[in-house]
Each structure stands twice: as structure tokens, then as C-alpha cells.
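All values below were derived from every heavy atom in this structure, side-chain atoms included, with hydrogens, water molecules and symmetry-related copies excluded.
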Amino acid sequence: MRRRMLGLAVAVMTLAGAAGCGSSDSGSGGSSSASGGRKTQVTVGVIPIVDVAPLYLGQKKGFFADRGIELKMVTAQGGAAIIPGVVSGQFQFGFSNTTSLMLAQTKGVPVKSVVNGAASNGKVGADVTAVLVRKDSPVKSAKDLAGRTVAVNTLQNIGDTTVRESVRKDGGDPAKVKFVEIPFDQMPAALDGGRVDAAWMGEPAQTVAKAQGARVIASPFAETDPKLTVATWFTSAKVTQQDPALVKNFTEAMTESLQYATGHPDEARQILTTYTKISGDVLSGLILPGWPAQVDTASLEKLATLGEKDGIFGGKKPDIPALFS
């Protein structure tokens with residue numbers, strides 16, 4: 001696992017170097033001004049989960065077009081995979097969980113969070129992520145995960161860190177949990193088929209799993225911190241320096257999108273049908289995250305401390321104010 005993380009860091013740093021040696025163009029076409037009549041095409045790295053619904057909703061409502069931005073979304077398995085794409089210039093912006101961004105920063109990767117992405121809704125038993133087990137599983141609560149196999153979408157990241165915290169708070173031994181990496185959309189089948197004992201799922205995967213009879217035994221985000229900032233939208237230092245107007249326009253459009261999604265949850269659910277395989281008949285049961293416009297710094301400090309315990313950051317402490325302010 002350590003070799004895998006070192007390999008990821010080397011890959012990210014290589015891409016960072018390549019980006020630094022590239023041309024001065026930020027990778028977007030046209031003008032970044034909303035008043036010039038031309039649209040700037042902006043490529044955004046996303047994960048096909050409910051958390052990114054405000055971006056698609058904002059695109060539909062014209063919040064980005066109003067500021068001269070034409071969006072193109074490209075999907076990836078997780079934030080750890082999106083970061084190299086942003087640094088290399090493949091994407092101008094990306095969506096990533098906050099642990100991945102902290103890890104990148106401690107490795108010297110030039111990334112900067114520009115606006116909030118998603119947060120825990122604070123509801124234990126009904127949060128946007130959960131650990132689920134089969135209906136007939138002997139696992140009754142988080143402490144029972146010790147010695148068992150749990151699926152996460154990315155190893156050594158926000159999923160296993162917060163799952164360990166749930167186990168710890170429930171009186172179990174977090175060091176004895178075994179994690180395996182499986183994409184979110186494959187987790188319901190992996191759990192139902194017995195390939196894993198439990199799975200830490202986002203939405204819509206957990207709603208699909210529940211329809212198959214799975215049950216929730218832990219809510220790691222809410223149990224770690226009910227206000228936990230779990231993901232943000234970010235860009236590279238290169239883009240912030242070379243096109244501050246684009247960053248400003250994207251941030252303003254994304255903020256408006258977060259506020260609209262918060263006030264119109266039914267529309268946020270419905271927009272999922274445009275970028276996931278979820279069917280309309282399960283939308284009503286879908287659990288939504290919180291979409292505050294601002295990050296919660298205290299929750300990020302707590303997450304960073306837990307990541308340090310896990311050895312994710314290689315002995316370096318993330319600089320939360322520098323990364324997220």
C-alpha cells in the first residue's frame with residue numbers, strides 16, 4: 001500500500017512538472033470574460049455521485065453560461081485520480097475529497113481549493129455516505145468491522161480514515177479493518193455477491209444497495225464530524241495565477257449552484273439521471289449531502305489529524321488555511 005501511495009505521489013509530481021514546462025495557456029478556449037460574448041470552454045473532472053449534482057444543476061440553470069463559461073465534464077473514479085488531471089492542464093477545475101487535496105499539498109503538488117463542494121448532512125443513519133452490510137450479515141455496528149473486509153473507492157483516503165474513526169468511536173480496533181478498492185458503482189454488486197463483508201458507499205450506490213436488502217451499520221462522515229467538509233472544487237496554482245477572472249467566474253457560478261441545489265432538493269435529485277445510471281424510481285429515497293457555500297475549517301483540521309494518525313501524509317501536516325481559504 002505504501003508503494004502504491006508513493007507511486008501515486010510520483011505520478012502527480014511528474015504531471016506537475018510537465019504542467020510547469022508547458023505553454024502559458026491555461027487550457028481553456030475563448031475569453032474568460034462573461035461580458036465579451038464568447039464562451040470559455042472549461043473542462044471539469046468529476047465523480048459520478050450525488051455530491052456533484054449542483055454543478056450539473058448550475059449548468060442547466062445557466063449560472064455558468066451567464067458568466068461566459070461552457071462546461072465539459074469528464075468522469076473519474078475518485079478525487080485522487082482527478083488531481084493529476086488538473087495539475088497537468090487536462091482539466092481546469094476538479095472535484096476532490098478534502099483528504100486527497102491535503103495529501104497532494106503535503107507532496108508539494110500546486111493545487112488550490114476555490115469553492116466548497118459537499119459536506120456531511122450530519123444525520124447518523126441517514127448521511128450521504130454509509131457503511132452497508134448484507135441483510136444477513138453478523139455485523140451489527142462499526143466495532144464489528146474489525147477483522148473484516150470493507151470496500152472503499154480509493155485506498156488510504158477519506159473513506160478508510162472516517163470508517164476507522166467510526167470503528168474507534170464504537171469501541172473496536174480500527175487497525176484490524178481490511179480495506180479493498182472498488183468503484184462506487186460496483187459496490188452494491190460486490191456486497192450482494194459476498195466479495196466483501198461491508199462497503200462504504202456514497203449515493204446513488206447506497207440507495208441501490210438498500211434496494212437489494214443491504215442495511216446501514218455506520219455513518220462515517222457524520223460520526224467523524226456532523227459538519228464535515230468532505231469535498232471541494234479546486235484548480236491548479238497555474239490557473240489561479242494566469243486566469244484569475246476565470247477562477248472568479250467559476251467560483252461565483254458554483255456558489256450560486258450550491259445555493260440553488262440546497263433550496264431545490266427535488267431538482268438536485270432529478271439531475272442525477274443525466275450523469276448516472278440511476279433510475280427514476282429510486283430518486284425519492286436518495287440521501288443528499290449538505291451543500292454549504294463555505295468550508296468548515298474546524299472539521300478539516302479534525303480530518304487532517306485523523307489522516308496523520310493513518311500515516312497518509314508521510315509525517316507532514318497539511319496547511320489547511322493555505323489550501324482551503
Taking every non-hydrogen atom, the tightest pair across [X] and [Y]:
X	Y	result
F64	G58	CD1-C, 3.7 Å
G45	W233	O-CZ3, 4.2 Å
N116	P292	ND2-O, 2.6 Å
E203	G285	OE2-O, 4.4 Å
A142	S166	CB-O, 3.6 Å
D170	K143	OD2-N, 2.8 Å

N/O donor-acceptor pair under 3.5 Å between [X] side chain and [Y] backbone:
X	Y	answer
E181	T154	no
D225	K227	yes
T43	Q92	no
K112	S325	yes
T262	L258	yes
Y260	K61	no
S219	A222	no
R134	L191	yes
R168	P174	no
N157	G159	no

Side chain to side chain, [X] and [Y], heavy atoms closer than 4.5 Å:
X	Y	value
M73	Q59	yes
L303	T162	yes
L246	V42	yes
F250	V44	yes
T276	I49	no
T232	V115	no
D160	R164	yes
N153	I182	no

At what distance, to the nearest 0.5 angstrom, does [atom1] of [X] lie from [atom2] of [Y]?
X	Y	atom1	atom2	answer
K248	T240	NZ	OG1	15.5 Å
T229	N97	OG1	CG	12.0 Å
S137	R215	OG	CZ	5.5 Å
Q270	L272	CD	CG	9.0 Å

Pair T99, I312 - check side-chain contact (heavy atoms from CB on, under 4.5 Å), show working. CA-CA 9 Å; T99 294; I312 291 176; 4.2 Å; yes

Begin from the C-alpha positions of N121 and D127 and carry the test side-chain contact (heavy atoms from CB on, under 4.5 Å) through to its verdict. CA-CA 6 Å; N121 65 26; D127 201 5; 2.9 Å; yes

In terms of heavy-atom contacts, does CD of E267 have more than 12 from other residues, nucleotides or ligands at under 6.0 Å?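 Atom CD in E267 is crowded, with more than 12 foreign heavy atoms closer than 6.0 Å.
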
NZ/K317: more than 12 non-hydrogen atoms of other groups inside 6.0 Å: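 Above 12, so yes.
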
Do T161 and D310 have side-chain N/O donor and acceptor atoms under 3.5 Å apart?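 The criterion, which ignores hydrogens and geometry beyond distance, is satisfied for D310 and T161.
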
With D185 via side chain to side chain donor-acceptor pair (under 3.5 Å) - residues at least two apart: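 D185 satisfies side chain to side chain donor-acceptor pair (under 3.5 Å) with no other residue.
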
Using the side-chain contact (heavy atoms from CB on, under 4.5 Å) rule, take F221 and I158 through it: C-alpha gap first, then chi angles, then the decisive distance, then the call. CA-CA 9 Å; F221 283 170; I158 193 170; 3.8 Å; yes

Any side-chain hydrogen bond (donor to acceptor under 3.5 Å, both in side chains) pairs touching residues 191-202, not counting sequence neighbours?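 Sorted result for residues 191-202: T129-W200.
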
Full working for salt bridge (Lys or Arg N to Asp or Glu O under 4.0 Å) between E256 and R67: CA-CA 11 Å; E256 187 173 3; R67 293 169 174 85; 3.0 Å; yes

Go through the steps to decide whether Q206 and V216 satisfy the test side-chain contact (heavy atoms from CB on, under 4.5 Å), and finish with yes or no. CA-CA 9 Å; Q206 69 164 303; V216 173; 4.2 Å; yes

Could you please spell out the steps behind the ring pair (Phe, Tyr, Trp, His ring centres under 6.0 Å) verdict for F234 and F95? CA-CA 6 Å; F234 72 101; F95 181 87; 9.0 Å; no

Report, one line per pair, each donor and acceptor closer than 3.5 Å where one atom sits in a side chain of residues 50-57; sequence neighbours left out.
none

